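For reference, the structure discussed in these notes is given below.
Remember, predicted model here, so these are calculated numbers, not experimental data. Below, read A as the first sequence line, B as the second, and so on, with proteins coming before strands; counting in each chain starts at 1.
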Amino acid sequence: MTTAPAQAEEASFEATLARHDRIEPRDWMPERYRATLVRQIAQHAHSEIIGMQPEGAWITRAPSLRRKAILLAKVQDEAGHGLYLYSACETLGVSRQELTEKLIEGKQKYSSIFNYPTLSYADVGTIGWLVDGAAICNQVPLCRTSYGPYGRAMIRVCKEESFHQRQGFELLATMMRGTDAQRAMVQESVDRFWWPALMMFGPPDADSSHTAQSMAWGIKRDTNDELRQKFVDMTVPQARALGVTLPDPDLVWNDEKGGHDFTQPDWAEFRDVVSGSGPCNAQRVAHRRRAHEDGAWVREAASAFARRQQQEPQQQEAVS
Amino acid sequence: MSGAPQGEWPLYEVFVRGKRGLNHVHVGSLHAADDRMAVHNARDVYTRRNEGVSIWVVRADAITASSPDEKDPLFAPAGDKVYRHPTFYDIPDDVPHM
């Protein structure tokens, strides 16, 4: 049973989307639109937060003060990106606490890429170049997403993400100018991350359950396959400039379609990693849970301090 | 602005002045235990790259906002008052400085 006022609200929502205007937090929105956004933004925020771990592991082992300062700044940015996105998600009526709990209880997901280990220092460069490169492909169109707070968060993220990709490329380029052992380390790292990077765009369009509705609502602007193609086309000349080989013998330019043909990643592996059986799933979530639980006393102490600050002036007045 | 669970730090809205001469502009929100921590957190979250020279933080529950339902009564009356805009008036092209 749809009542007349509800129909008017829905019509106003649809009209806003049709004008390519943004939906703002206090506007009426269909429950499924809200739920889809919560799922997507939460997953995105969790990815930024979990994404601090693989690279954070190398901060103490960065080979110079310059590289350490860069890596620290980058990992701090990931924390910041997580916070922008959590804020955007909270405008949809979920609490930060609920989001954190759903992550550490495994009820909300994060990008499968962060369930792969960082085995060598070259991985810091490869993550910047390939993983952040893929993230940029995903995120730039999201600056125009239909939900205002999400789009605004993405604009901030994208501005900072460019530094991430460039520092990664520069790191790899420096290693490629080094010794044979360093070049081999870069190639080995690229070989490991190429396929998981392709998976970052999600399953092929034919198997993506959310894409059609998300595009109709203007939450997503491009399909998974379109973005994956764009990423491959963008990356091939960069790989050439670096002097690394992308580990796909069937990767060739196709004049007819004006893009590269390439091999699909192993989608069975993708499903395994998403469903929890990746190399680092348990470790990543356990680490996040430990950080949250170890920080409980800090949160409590700060709240207690704030309460006392509020009470103190009144007590002083009472005494005098 | 309701629904914060027990024990969760309050939500603050953050406004940053990009440089001298500009207004403070809303940039986002964050949680903090108190006002001072909100300013420090805002510095770390929203001004890592010289984005600002001044920060305001305001507890979200202290903000009074117009409701989307009031959109018409609040803003529609301005719609038909075109005479409030300079382009409403026809001035001959050869009149200078106008």
Side-chain angles (χ1 to χ4, degrees), chain A residues 5 8-9 12-13 16 23-29 72-101 148-150 152-157 159-160 162-163 296 298-310, chain B residues 1-18 24-52 55-76 79:
Chain A
E9 280 171 334
S12 154
F13 170 82
T16 304
I23 304 296
E24 292 295 343
R26 302 210 304 155
D27 290 339
W28 182 90
M29 59 188 86
L72 269 171
K74 197 202 159 197
V75 172
Q76 193 192 5
D77 272 357
E78 308 295 0
H81 296 177
L83 295 176
Y84 305 154
L85 287 159
Y86 281 132
S87 293
C89 202
E90 287 175 82
T91 64
L92 293 158
V94 282
S95 73
R96 179 75 58 93
Q97 198 166 305
E98 192 182 333
L99 292 167
T100 305
E101 279 162 12
Y150 190 27
R152 293 192 285 274
M154 291 320 303
I155 290 171
R156 301 188 71 84
V157 169
K159 273 188 194 160
E160 300 178 354
S162 166
F163 140 61
V298 180
R299 294 190 295 276
E300 284 159 19
S303 296
F305 180 75
R307 271 196 306 277
R308 207 182 64 191
Q309 292 291 103
Q310 268 182 342
Chain B
M1 314 277 150
S2 63
Q6 204 67 35
E8 186 165 275
W9 288 347
L11 187 69
Y12 284 82
E13 298 299 333
V14 180
F15 302 77
V16 170
R17 185 199 292 286
H24 286 78
V25 174
H26 183 243
V27 293
S29 55
L30 51 76
H31 290 274
D34 58 33
D35 297 356
R36 239 175 72 199
M37 186 194 279
V39 171
H40 287 153
N41 287 358
R43 197 272 313 256
D44 288 345
V45 179
Y46 291 106
T47 62
R48 287 194 300 282
R49 290 178 172 77
N50 299 320
E51 288 94 336
I55 295 171
W56 288 349
V57 294
V58 184
R59 269 184 69 147
D61 59 12
I63 292 178
T64 308
S66 67
S67 128
D69 304 338
E70 294 166 348
K71 199 178 86 181
D72 281 350
L74 277 181
F75 304 116

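Remark: B:R49 CZ to A:K159 NZ distance equals 10.5 Å, nearest 0.5 Å. If you take CE on B:M37 and OG on A:S303, they are separated by 7.5 Å, rounding to the nearest 0.5 Å. Expressed to the nearest 0.5 Å, how far CG of B:D35 lies from CD of A:Q309 amounts to 10.5 Å.
Across B:E8 and A:Q97, no two heavy atoms sit closer than the pair OE1-N, 2.7 Å. Scanning all heavy atoms of the two residues, the minimum distance from B:A33 to A:A302 falls at CB-O, 3.5 Å. The minimum heavy-atom distance linking B:R48 with A:D77 is given by the pair NE-OD1, 2.8 Å.
The part of A:F305 that comes within reach of chain B is its side chain, from C-beta onward, which places non-hydrogen atoms under 4.5 angstrom from that chain. Heavy-atom distances place no part of B:A32 under 4.5 Å from chain A, backbone and side chain included. Looking at A:E90, the atoms closer than 4.5 Å to chain B (heavy atoms on both sides) all sit in the side chain, from C-beta outward. Of the atoms belonging to A:R156, it is side-chain heavy atoms, and not backbone ones, that fall under 4.5 Å from chain B.
Without hydrogens or angle criteria, A:R96 side chain to B:L30 main chain gives no donor-acceptor distance under 3.5 Å. Within the 3.5 Å criterion, the main-chain N or O of A:S87 finds no donor-acceptor partner in the side chain of B:S29.
Chain B forms the most heavy-atom pairs under 4.5 Å with one residue out of A:E160, A:E300, A:H81, and that residue is A:E160. No other option in A:Q76, A:R152, A:E9 has as many heavy-atom pairs under 4.5 Å with chain B as A:Q76.
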